[in-house]
Amino acid sequence: MSDLTKMTLKGAVDGLKAKDFTSAEITQAFLTSIEASNPTLNAYVEVTADKAMDMARASDARIAAGQGGALEGAPLGIKDLFCTEGVQTTAGSNMLRGFVPPYESTVTANLWRDGAVMLGKLNMDEFAMGSSNETSAFGPVKNPWKSTGSNADLTPGGSSGGSASAVAADLCLAATASDTGGSIRQPAAFTGTVGIKPTYGRASRFGMVAFASSLDQAGPITKTVEDAALLLQSMCSFDAKDSTSLDIATPDWTQSVGKSVKGLRIGVPREYVVDGMPAEIQALWDQGVAWLKDAGCEIVEISLPHTKYALPTYYIVAPAEASSNLARYDGMRFGHRAEDFKSLDDLYATSRAEGFGKEVQRRLTIGAYVLSAGFYDAYYVKALKVRRRIAEDFDNVWGQVDAILTPSTPSAAFALGDKQIDPLTMYLNDVFTVTTNLAGLPGISVPAGVDAGGLPLGLQVIGKALDEATVFQVGAALERAAGFTAKPGKWW
Amino acid sequence: MAIDAATVRKVAHLARIKTPEDRLEPLAQELNGILAWIEQLDQVDVEGVEPMTSNVAQPLRLRDDVVTDGAKVDAVLSNAPKSADGFFVVPKVVE
Amino acid sequence: MSDNTKTIKGRTGDWEIVMGLEIHAQVASKAKLFSGAAVGFGAGPNEQVSLVDAGFPGMLPTLNKHCVEQAVKTGLGLRAQINRRSQFDRKNYFYPDLPTGYQISQLYYPIVGEGVVEVEAEDGSFFNVGIERLHLEQDAGKLIHDLSPTESYVDLNRAGTALMEIVSRPDLRTPDEAVAYVKKIRTILIYLGTCDGDMEKGNLRADVNVSVCRAGNYDKFKETGDFSYLGTRCEIKNVNSFRFISQAIQYEARRQIEILEDGGSITQETRLYDPTAGETRSMRSKEEAQDYRYFPDPDLLPLDLEEAWIAEIKASLPELPDDKRKRLMADYGLSQYDAIVLISEQAKADYFEAAAKGRDAKLVSNWVTNEVSARLAAEGKDFSENPLPAAHVAQLVELIETNVISSKIAKEVFDHVWNGEGSPAEVVEKHGLKQVTDTRAIEKAVDEIIAANPDKAAAVAEKPQAIGWFVGQVMKATGGKANPAAVNDILKAKLGL
Ligand SMILES: [Mg+2]
Ligand SMILES: [Zn+2]
């Protein structure tokens, strides 16, 4: 039975449909694993065991009746950023401890429509602000991977650290995640899993706790590229409740997986060679280029000249939007309200100081500052202009290339506590991923190799807007070439 | 544009985050570090560039003027720290 | 040119008031601006609230098409520029009536740009008020302070309701002008059907920006566009009646002049008018740290309007008050004064037109603006609730025109008609109020009165005005029903005048 947890999402869905096992069986298998592993890994902040079994039995009934959706009976983990009706949703924050939404996010509603089963809510950096899961009010998540010869606990990355860790440690078949500056792809790279952020507007943001509205996109973290295609196409939909949702059909992306990449032109941006990048990262990138060349791709050196400005741009735009998006957490209608206060203003300030962690407070402060009188033009408007330059960089190369290949992260997973001292060092984690958020493009991270310590490393494929198909096609080609099958040795 | 403790106090108030006096100076240092790094954007020539507020190139959708929501007081108040008689209850507001 | 009716005498010299108004008009719509919750008055607490209005995590705004259309319509009615592209911005501040911590408004690119409104002054003259902009925004919720001594209660029914904020140029100079301007805007909105103009319910309220400057400085400002000629302004928030607007301005101008004459300076601030105390006072709670950190709302996209849609809305506009006034004067030969009185209420003008077809328009206008208006006012109704068919007024005037009744009898007829006794013709018939035009009957009465008053008859020869006494006597004798012209002619003949 324990083998069930090691299945891919696709394998499990097929097995369920073929009645090789039941949803109740596989769901129970996961619940058992979670019970054993979660105290150590801390991937789940809440396990909805009863609900999971109810959903599993309902799925089994549908399967028995010859019905069922594309994900029928498949147990998934849900990042705690997605509002789930009747189930606590915290966004990793003390501010929302005990918050039970009376509504369901569109992304999760789509999953339940397709028959998926919810195992529980996954840990994350507070309000998705972080790259190591250390800002969570529920404590950091541990990466199931360890560096050879070291017992140090590593970060699974962030902010979707719970999602990545749970998938890597077989605590769910796959998980939902979200990506504002790299929060799907960096944790995927750190845990040997696959993560894709779709084109902005593909996945509805309705019911997803907002961090930075113009950048936030939901996506999956999975074990394979095919699983990512399968889960993403269920998550995405046009949603009239989200004004930024794109009114277009969601393709069947699983059809792109396995397609030959022969003749595709792959761009390699010279500006993604950053100072102090470990040789292993460069080597992996070179390897990726070689694999794609072998598979018949044409490799084109390209220039994305404004790349180095992407992170500073992001650290204006995202905190500015966040400072406004998080103003609703004021202790008046929901969320934490301070017990001791001297005045209304003091109640606001105290509730928010108690409810928000340090990194969130830091970003809300920066955000309020860059929007404040006298600085709006110098910081915020300037950043929006640079943002256009960054987007234009991509527009300028799509005539020459069909997709772009870069490393996913500038390093492998680091030890918990390592980068907490200096926020800037932490921010650099997103250097390769953040450009696609600013430009609204799809990007996938695929595990492609390991570093000297045996830790997974990822390669990123960036595509044109709405061209997830090519991203999956190239991602799957890398997956095949890399043949990445390593799993973390179980220590937890 | 260096930030001092007074600026941090002002901005923290704007953001309604209670910040102890002894945190103001360290926070100012921290924010200055981040802002100094951000200021590399000054190197970019953005002459004539239209600010990019969104990635979405479609026009804003408009909804029909029909009542489709509301009449859910229980849901609205379901997470309230304090409520009474259908109202949210907050400390006395002096206008 | 300095207009001395606009100056206020101070101890140290003459002052002038300068005002700009921000009118918040609730858009007439079924649902809210960004949510599907109902708009309305009188529902129980928080019953008209969606989770979007309450600012729950992950809730997103979607824009109500009808509200956009109403804003465009209003912009066209104000003869203002309609902006093909506008954008929604967030105005960030914390207050318990503002669930998201920001109000969605339009700062940088409003839906309507510059326009101009022609306003009728009390004396029948006209003045123009420049419109700077009109933008769409959300209303806030409501705080109730009297349910608990230590706590405030929050009702979000109003939160998210669509408002049009109409911002004027600083073109208003006296309290009367300010009131006349608000009345004119209200009339236009009601004509357009874009706001019901109900000030008691708070569906139309004004923020008045008041400043004072030395006499003559306003003209210098007008010449140069240099705002430094104007004084520091204070914004009086949410004044919701014409009377209070006038009172608040008068108080505030006086207050500012006194401070300045004492050598002080005005602090720019938001103030509240307290009608009971008859004074304005500082709203410190809203005052501190006014830094709204406006930025484009990333949950919404720019609002693009199709030219064809604007044209369609334009084609659907009703006749506007100014056009109606001009037409009533041209088509019915009415005086400007009468036309202004009639157009002040769309239903009143419609009523007039329905009654005036083929009749003496001036006479109809008098009946509509005097008797009918007075009766309605006495019953607290307006013309839209008028129980009297316009055909009755038309018939009444016809009866006067055809000498069936005199104007005097007509008042009596009107009383009966108003009381629901039927049409004027029926009332005349029923009460025997028909005018006596039979000259033999009048001659008989005249003969009798002359015979009974020989001295008076003799005196008339020297004092012809005294004929009026005889007219009165004849009318009395005929129960007021004698045709006055006939009475006059016969008297003149018999008295040898
Ligand atoms: Mg205003
Ligand atoms: Zn306003």
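A, B, ... follow the sequence lines: proteins, then strands. Residue 1 opens every chain.
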Note, [X] side chain near [Y] side chain (heavy atom, < 4.5 Å):
X: Arg387(A); Y: Asn55(B); result: yes
X: Arg388(A); Y: Glu50(B); result: yes
X: Tyr348(A); Y: Lys18(B); result: no
X: Ser245(A); Y: Arg61(B); result: yes
X: Tyr379(A); Y: Leu35(B); result: yes

At their closest point, which heavy atom of [X] faces which heavy atom of [Y], and how far apart are they?
X: Met332(A); Y: Phe88(B); result: O-CD2, 3.9 Å
X: Leu344(A); Y: Val93(B); result: CD2-CG2, 4.0 Å
X: Lys382(A); Y: Val46(B); result: NZ-CG2, 4.0 Å
X: Trp37(B); Y: Pro312(A); result: CH2-N, 3.7 Å
X: Thr313(A); Y: Leu41(B); result: OG1-CD2, 3.6 Å
X: Val89(B); Y: Arg337(A); result: O-NH2, 2.8 Å

**Q.** Interface residue of largest heavy-atom contact number with chain B, from Ser214(A), Pro101(A), Ser243(A), Gly201(A), under 4.5 Å
**A.**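 The candidate making the most pairs under 4.5 Å is Ser243(A).
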Q: Count the heavy-atom pairs under 4.5 Å between each of Leu311(A), Val317(A), Asp330(A) and chain B, then report the option with the highest count.
A: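 Top option by heavy-atom pairs under 4.5 Å: Leu311(A).
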(Q) When you measure from the side chain of Asn79(B) to the backbone of Val100(A), do you find a donor-acceptor pair of N or O atoms at a distance under 3.5 Å? (A)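 Between the backbone of Val100(A) and the side chain of Asn79(B) there is a qualifying donor-acceptor contact (under 3.5 Å).
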Per-residue contact mode, [X] against chain B (heavy atom under 4.5 angstrom):
X: Thr350(A); answer: both
X: Asp242(A); answer: backbone
X: His336(A); answer: neither
X: Leu424(A); answer: side chain
X: Tyr103(A); answer: neither
X: Lys241(A); answer: neither
X: Tyr380(A); answer: neither
X: Ser213(A); answer: neither
X: Ala465(A); answer: neither

Q) For Asp340(A), does the CG atom have more than 12 heavy-atom neighbours from other residues, nucleotides or ligands under 6.0 Å away? A)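 Open: at most 12 neighbouring heavy atoms sit under 6.0 Å from CG of Asp340(A).
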For [X], which atoms come within 4.5 Å of any heavy atom of chain A: side chain, backbone, both, or neither?
X: Ser78(B); value: side chain
X: Thr7(B); value: side chain
X: Gln58(B); value: side chain
X: Leu31(B); value: side chain
X: Leu60(B); value: side chain
X: Asp42(B); value: both

(Q) What verdict does the salt bridge (charged side-chain N to carboxylate O under 4.0 Å, His left out) test give for Arg362(A) and Glu30(B), after you've listed the backbone C-alpha separation in whole Å, the side-chain angles of each residue and the deciding distance to 0.1 Å? (A) CA-CA 9 Å; Arg362(A) 181 187 288 132; Glu30(B) 225 170 76; 2.6 Å; yes
For each of [options], tally heavy-atom pairs with chain A at distances under 4.5 Å, and name the one with the top tally.
options: Lys82(B), Lys10(B), Gln43(B); result: Gln43(B)
options: Ala12(B), Gly33(B), Ala15(B), Ser83(B); result: Ala15(B)
options: Leu27(B), Leu77(B), Val49(B), Thr53(B); result: Val49(B)
options: Val8(B), Val56(B), Ile17(B), Val76(B); result: Ile17(B)

